[in-house]
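In what follows, every chain begins at residue 1, and chains take the letters A, B, ... in the order their sequences are listed. Just so it is clear, the structure is predicted and the values come from calculations on it, not from any experiment. Note that these values count all heavy atoms, side chains included, but never hydrogens, waters or copies made by symmetry.
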2 protein chains.
Amino acid sequence: MRKKSKATSVDIAHLAGVSQATVSRVLSGSPLVNAETRRRVEAVVRELNYKVDRHASSLRRQRSGTLAMLLFEDPTPDESHINPFFLSMLGSITRACARHGQDLLISFQQLSDDWAGDYEDSMKADGLILLGYGDYLAYQGKLQKLVEQGTRFVRWGAVLPDQPGLSIGCENLGGGRQAGTHLLALGRRRVAFLGDASSHYPEFLDRYLGCEQALAAAGLTLDRALQVDAESAEDAGHAAACELLARGLPFDAIFAASDLIAIGAMRALAEHGLRVPEDVSVVGFDDIPMARFAHPPLTTIFQDTKQAGELLVDTLMKLIHGEQAHSVRLPTSLVVRKSCGAG
Amino acid sequence: MRKKSKATSVDIAHLAGVSQATVSRVLSGSPLVNAETRRRVEAVVRELNYKVDRHASSLRRQRSGTLAMLLFEDPTPDESHINPFFLSMLGSITRACARHGQDLLISFQQLSDDWAGDYEDSMKADGLILLGYGDYLAYQGKLQKLVEQGTRFVRWGAVLPDQPGLSIGCENLGGGRQAGTHLLALGRRRVAFLGDASSHYPEFLDRYLGCEQALAAAGLTLDRALQVDAESAEDAGHAAACELLARGLPFDAIFAASDLIAIGAMRALAEHGLRVPEDVSVVGFDDIPMARFAHPPLTTIFQDTKQAGELLVDTLMKLIHGEQAHSVRLPTSLVVRKSCGAG
DNA sequence: CTGAAAGCGCTTACAG
DNA sequence: CTGAAAGCGCTTACAG
C-alpha cells in the first residue's frame, strides 16, 4: 500500500549497518550470511515490519510467486452461482498455495472466451490451475495451445491417455462402479443415468461406464434408453428427469452424474408423485455440501476436494520447479444417506 | 511464464521503429501519441501478443493493479466449507475486478490470526476487501489498526456509526422487519429468534431488532426467552433449535439469523416431530442457493450479493483513487417459498 | 509528438 | 562471509 514511507531493504541495511545485498540475502534465506549478522538484520526487519517488495523481487527473479486459478463454466447463465463442487476445492487450493508461499490470483472465464485472458494470466502467474466443467472436446484445443506456449498448468478433470498437460481427477470409473454396486445390492435392476455420457464429458462418461460394469457383473445392462443428457446443474437435472419420465420406460433407480443433477431429478420425481427411495433410488456424485440437506438426504459418491486441491497445487509447483510430475486419479467413496433406501 | 523469450517493450519498439518510451505510452493509453504511430505500435503488439510486464509496471508506478480479498471465519473448524453466502459474492467481485482491470488475490484467514498476513497482503495489493462472519468486537481493533496504517479497505458487514473504515452491508433492520411482518401476516404470534443478538454480531442484532419493531407495531413482543445464540452454520442452527425446544416455551415461528441456521433448525424441528410450516413457520436470511432446496423450500430475506460484490469493488477503487466514498446499506427483499405457509 | 535517461526495489554474479 | 554494481522491464519527468 502507498504509505507515508514504506521501508525498503536499503533502510533496513542502513539501520542494521550492513549492505543492502546482505539484507536481501538474509531475507531470501541465503546460507552465505554470518549468524550474528543475520540476527541483527532480522531484528530490524521485524521492528519495521519490513516485507520484501514482491514486484521488485519478481521482476528481478523473473518469477512471480503467484499461481492463477481459472474457473470456467460452459455457457454460464449470466448470474449463475458457481458450481459448488469447485468452490469446496477453493479453500484447500488457497491453503496449499499459502503453504508454498504462493499467492493465488483468481479469474472466472467463459469456456467460450478467447482465453487470450489465460495468456494474459500466464504472464502474471508462474502457473495455472484450471477448474471447470464443459465440453472437453471444445477446450482440448486450448489446452494444446497452452502446452505449445510452454505454459505450466494442471487441470482438474478426467485423466485421459492423450490429453495435453496434466490432470488431477478422481476414479470416475470406480465411483460409477460403487454407485452401481450399491444400487444392485439394494435390489435395483433398471438403472437410469442422468448426465451426458459421451467423450464430450469424459468424467460423466466414465461414471456411466463404471456403473455399466457393475451391472454387467451381475448380468444386467445399463439401458441406453434410460440415459438422458444433462449438464451439472439443478435445472438440467430436473429437465432430464422429466424427459426420462416422459419416455415412459420403467426404471427403479437413477444414477445422476452429479449431485446437482440428482437434486434436480428428485424435485422432478416428487412433482410426479414418485417417492424417493420407495419408488426410485437416487445416487449422486460429488458430495457437495447441499447433498446432506437434500430431501431425502442424498446418497452419493464422495470426491475428496481437499486432497484434490492440495494435489493440484503440489503438482503445479513441481512443474514450475522442473520436477517430475504426473496425472493422478484419486479414489472415491460411497456415502450412504437416505435416497437409495436401507443402506 | 518463463518462455524461450518473452517479448518486451524494447522488442516492440524495435519492430515498430519507435522508442521504447513510445511503446509504453501507447500501451498506457497516453494521448501524447500520433495516431499513425499508435497504429503501427499496436499492430506489432498484437502480432507478438505482447503484454506489459505487470511487475515492472507495478514497481515503476508504485501501484499494483491488484486487490486482495480476505475471507475470514471465526474459529473455522479445520476443513469447514466456506460460508456459501460469501461464495456467491465471489463471482461478482471477480467480475467487478476484471472490469476495473484489477487482479484479485484471495486469501483465507482465521479471525484469530495475527493479521500480520493482512499487512503482508496490503503490500501486495492496492486495497483489501474483507469478508467474514465473526465477533465484531473481536476484530474491530484490527480494523482500527488497518485504518491507522493507511491501508485502503472495504468490508462487508453491518454499517455502524463509529466503525473504522467503510462497510457495505444490507438493511438488516429492514430485513428483520420484513421477516416479522410476513410472519405476522400469516397469523404467527410467538416468534423465536435463532442467532446471536448482541453487539458482537451487529448484523444479527439488527435483524433481531427489525423483527422486534415489526411485532411491536402490532402490539406484540419478541420474547427474549425465545432467543437462542447461534453462529451461521447448519450445526449451530440445529443445536439452537434443540435448545429452544428444550426450554419448553410455546412458539409458532422461528426467524433464523441466517439460512444455514434456518436449515439446521428445520432439521431439528423435523426430528422432534414438528411440521414446517403447519406447526411452526420458519424464515431465514441471505437466500443462499441451498435455501431453494431445503425442505420445505425456505422463505427468506434476500441479500443482493451481486450488487454487493460490485459495490465493494467500486467503493474500494474510489478509495484507491482518492475519491469520495462512503458506506452503504443495500435493501433486502422477502422471498416467499414454503416454510412459512401460505404466502 | 518523440526520445534519451533516470529510477522503482530488489537479486545475484563478481570481486575481495 | 560481505559489498559494489549491474540489470530485471517498465513509466515518466525532462528536453527538444
In whole Å, measure the gap between the C1' atoms of C/dT12 and C/dG16 for me.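 It comes out at 16 Å once rounded to the nearest Å.
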Rounding to the closest angstrom, what is the interatomic distance between D/dC14 and D/dC10 at atom P?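 Taking atom P in both D/dC14 and D/dC10, they lie 23 Å apart.
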Do any side-chain nitrogens or oxygens of [X] fall under 4.0 Å of OP1 or OP2 in [N]?
X	N	result
B/Ser58	D/dC10	no
A/Ser9	C/dC10	yes
A/Tyr50	C/dC10	yes

Whether the [X] and [Y] side chains hold a donor-acceptor pair (N or O, under 3.5 Å, no angle test) is what I'd like checked.
X	Y	answer
A/Thr66	A/Arg54	yes
B/Glu310	B/Ser92	no
B/Ser24	B/Gln20	no

Scan for side chain to side chain donor-acceptor pair (under 3.5 Å) pairs involving residues 312-322 of chain B, sequence neighbours excluded, and state none if there are none.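 Residue pairs passing side chain to side chain donor-acceptor pair (under 3.5 Å), neighbours aside: B/His100-B/Asp314.
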Once you round it to whole Å, what is the distance between [atom2] of [N] and [atom1] of [X]?
X	N	atom1	atom2	answer
A/Arg54	C/dC8	CZ	C1'	16 Å
B/Leu59	C/dC10	CG	P	9 Å
A/Arg39	D/dC1	CZ	P	13 Å
B/Arg60	D/dA13	CZ	P	8 Å
A/Gln62	D/dC10	CD	C1'	12 Å
A/Ile12	D/dG3	CD1	P	15 Å
A/Leu32	D/dG3	CG	P	13 Å
A/Arg61	D/dC10	CZ	C1'	20 Å

Which residue, B/Ala56 or B/Asn34, contacts DNA chain C at a nucleotide closer to its 5' end, judged by nearest heavy atom?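 Result of the comparison: B/Asn34.
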Scan every strand shown for a Watson-Crick or G-U wobble partner of C/dC14, both distances under 3.5 Å, and answer none if you come up empty.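 Base partner found: D/dG3.
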Approximate separation, where rounding is to 0.5 Å, of A/Cys97 SG and A/Met69 CE: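 Reported value, rounded in 0.5 Å steps: 9.0 Å.
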Give, ordered by number, those residues of residues 14-31 of chain B having at least one heavy-atom distance below 4.0 Å to an atom of DNA chain D; if nothing qualifies, reply none.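 B/Gln20, B/Ala21, B/Ser24, B/Arg25 - these, ordered by number, are the residues of the stretch whose heavy atoms sit under 4.0 Å from the strand.
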Can you establish whether the number of heavy atoms outside B/Glu47 located under 6.0 Å from its atom CD is more than 12?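 It does not: B/Glu47 CD has 12 such atoms or fewer within range.
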Between B/Ser327 and B/Val159, which heavy-atom pair has the shortest distance, and what is it?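 For B/Ser327 and B/Val159, the tightest heavy-atom pair comes out as CB-CG1, 3.7 Å.
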